[in-house]
Amino acid sequence: PVSQLAIDVAVLVVGIGVLYFGAEWLVRGAAHMAASLGISPIVVGLTVVSLGTSAPELVVCVVAALEGRPALATGNVLGSNLANMGLILGVTAMITPLNVQRRVVTREMPIMLLITLALFPLLSDMMLSRVDGLILLAALAAYLFSAFRTVGEKAPELLGEVQGLIEDADAPPPLRLKDFGLVVAGCLGLVIGGYAIVEGAVGVGTALGISEVVIGLTVVAIGTSLPELATSVVAAIRQEADIAVGNVIGSNIFNLAGILGVTSLVAPIPIERTVMTHELVAVTIMSVALFPLVRSSWRIRRWEGAILLVGYVGGFAFLI
């Protein structure tokens, strides 16, 4: 007979696949619909494309919170940020050195670090309350407002991303029923995949005697980060990975401020002490370590990518 562990692993894997396609369909359909309505490609890139990449983590965290598994939610967010910086940037830079735009280092990386550090006082009472969630969402709103004000700097890279989703980013395409279907199918895929991941991850963690924080930090975080890893690797192979660093930093900001903010509004999140003493410390260290690497030559070279990957694997092993 098939063991329960094998069933849980299968549910987890299928959930990750459904979540990936759900996010892909949602972003593609929504981007095309927005363009059809005459919304500028820049706005589409800053909203639909940028925030859509974090949809898998958001759905998984909200589902975990609704099911009374807050540790899985916090583990997923912090684990995803670690995977973004160590795994995705590390592997991508080892394939091809990554150029870093100055605004990423001078504005977006400091914002990411400030939000990370702000979590320490917010979590000091071992609870992420609805008030804390509102504070995080206010920080995200301020970041997005700043991004819109300086949108001219980001236009070339955003236009490139949007052009990959719609046939002609310069002229409004016709509104299609297919796009509405993609949005609906994408939302359903995200919800079904999110529930499957949470159920499968909890089952695997229970069978192996692993805490929910660790299972969220490892299996769930890596699973929800796989689409971004695959996209970054393909871009690196095609020598088109110059926007990888900006995308990762933006995703990390949204994970911390947006996902934790929304999730705590849905249900206040009790925080385990190890989150404060281990996981959040690890994310802070990795965030600080990025500065000298990208500032040294305004790029992440192959050997620096190797350092990030080794640091991620070492931190991964320590946290487990």
Identify, with sequence neighbours excluded, every residue that meets side chain to side chain contact (heavy atoms under 4.5 Å, CB included) alongside Asp8.
Gln4, Val204
Do the non-hydrogen side-chain atoms of Pro268 and Leu128 ever get within less than 4.5 Å of each other?
no
Judged by atom type as modelled, is there a donor-acceptor pair below 3.5 Å linking the side chain of Ser146 to the main-chain atoms of Ala142?
no
Give the cluster check for Leu117 versus Leu137: same hydrophobic cluster or not, with ILVMFWY residues linked at side-chain heavy-atom distances below 4.5 Å.
yes
Across all chains, not counting sequence neighbours, the side-chain hydrogen bond (donor to acceptor under 3.5 Å, both in side chains) partners of Glu279 are none
Looking only at non-hydrogen atoms, find the nearest pair between Ala93 and Ile300 and report the distance.
CB-CG2, 3.6 Å
Student check: side-chain heavy atoms of Val198 and Val60 closer than 4.5 Å:
yes
Where is the tightest heavy-atom contact between Cys61 and Ile259, given as atom of each residue plus distance?
SG-CG2, 3.6 Å
Give the table of side-chain donor-acceptor pairs shorter than 3.5 Å for residues 13-20, with sequence neighbours excluded, one pair per line with atom names and distance.
none

To the nearest 0.5 Å, tell me how far Leu190 CG sits from Trp25 CH2.
10.0 Å
Which heavy-atom pair separates Arg302 from Met94 by the least distance, and what is that distance?
NE-O, 3.3 Å
Show me the donor-acceptor pairs within less than 3.5 Å that the side chains of residues 180-187 make with the rest of the protein, sequence neighbours left out.
none

Contacts of Asn255 that satisfy side-chain hydrogen bond (donor to acceptor under 3.5 Å, both in side chains) - sequence neighbours left out
Ser54, Asn81
Given the rule in the side-chain contact (heavy atoms from CB on, under 4.5 Å) test, do Ile249 and Leu290 qualify, once you have shown the distances and angles that lead to the verdict?
CA-CA 10 Å; Ile249 303 304; Leu290 265 181; 4.1 Å; yes
Distance (rounded to the nearest 0.5 Å) between Trp303 CH2 and Leu308 CG:
10.0 Å
Asn76 side chain near Glu57 side chain, heavy-atom distance below 4.5 Å
yes
Checking Arg130 now: which residues fulfil salt bridge (Lys or Arg N to Asp or Glu O under 4.0 Å) with it, not counting sequence neighbours?
none
Measuring only between side-chain heavy atoms, which start at C-beta, is Ser225 closer than 4.5 Å to Leu87?
no
For a 4.5 angstrom cut-off between non-hydrogen side-chain atoms, does Leu136 reach Leu119?
yes
What's the verdict on side-chain contact (heavy atoms from CB on, under 4.5 Å) for Leu217 and Thr74, showing C-alpha distance, side-chain angles and the deciding distance?
CA-CA 8 Å; Leu217 190 73; Thr74 53; over 6 Å; no
Are Leu78 and Leu256 close enough, and set up right, to give a side-chain contact (heavy atoms from CB on, under 4.5 Å), and what steps lead you there?
CA-CA 8 Å; Leu78 297 178; Leu256 293 171; 4.2 Å; yes
Residue pair Leu72 / Glu212: nearest heavy atoms and the distance that separates them:
CD1-O, 3.6 Å
Smallest separation among heavy atoms of Pro121 and Ser124, with atom names
O-OG, 2.7 Å
Write down the atom of Ala257, the atom of Ile115, and the distance for their closest heavy-atom approach.
CB-CD1, 4.2 Å
Inter- and intrachain pairs under side-chain hydrogen bond (donor to acceptor under 3.5 Å, both in side chains), touching residues 188-199, at least two apart:
none
Test log, rule side-chain contact (heavy atoms from CB on, under 4.5 Å), inputs Ile307 and Leu309:
CA-CA 5 Å; Ile307 289 176; Leu309 186 59; over 6 Å; no
Contacts of Glu304 meeting salt bridge (Lys or Arg N to Asp or Glu O under 4.0 Å) (sequence neighbours excluded), chain-then-number -> Arg301
Within the structure provided, determine whether Val283 and Asn252 are in side-chain contact (heavy-atom separation under 4.5 Å).
no
Distance in Å, Ser251 OG paired with Asn84 CG, rounded so as to fall on 0.5 Å steps:
4.5 Å
Residues two or more places apart in sequence or in another chain: which of them pass side chain to side chain contact (heavy atoms under 4.5 Å, CB included) with Val131?
Ser129, Ile135
Can you tell me how far OG1 of Thr116 sits from CD1 of Ile111, rounded to the nearest 0.5 angstrom?
11.5 Å
Answer yes or no: is there a donor N or O on one side and an acceptor on the other, between the side chain of Thr92 and the main chain of Leu89, under 3.5 Å?
no
With sequence neighbours left out, write down each residue that passes salt bridge (Lys or Arg N to Asp or Glu O under 4.0 Å) with Asp132, or none if nothing qualifies.
none
Side chain to side chain, Val202 and Ile215, heavy atoms closer than 4.5 Å
no
Measuring only between side-chain heavy atoms, which start at C-beta, is Leu280 closer than 4.5 Å to Phe120?
yes
Could you give all pairs that pass the ring pair (Phe, Tyr, Trp, His ring centres under 6.0 Å) test and reach residues 260-296, with sequence neighbours left out?
His278-Phe318
Quick one: list whatever passes ring pair (Phe, Tyr, Trp, His ring centres under 6.0 Å) with Tyr312, sequence neighbours left out.
Phe316
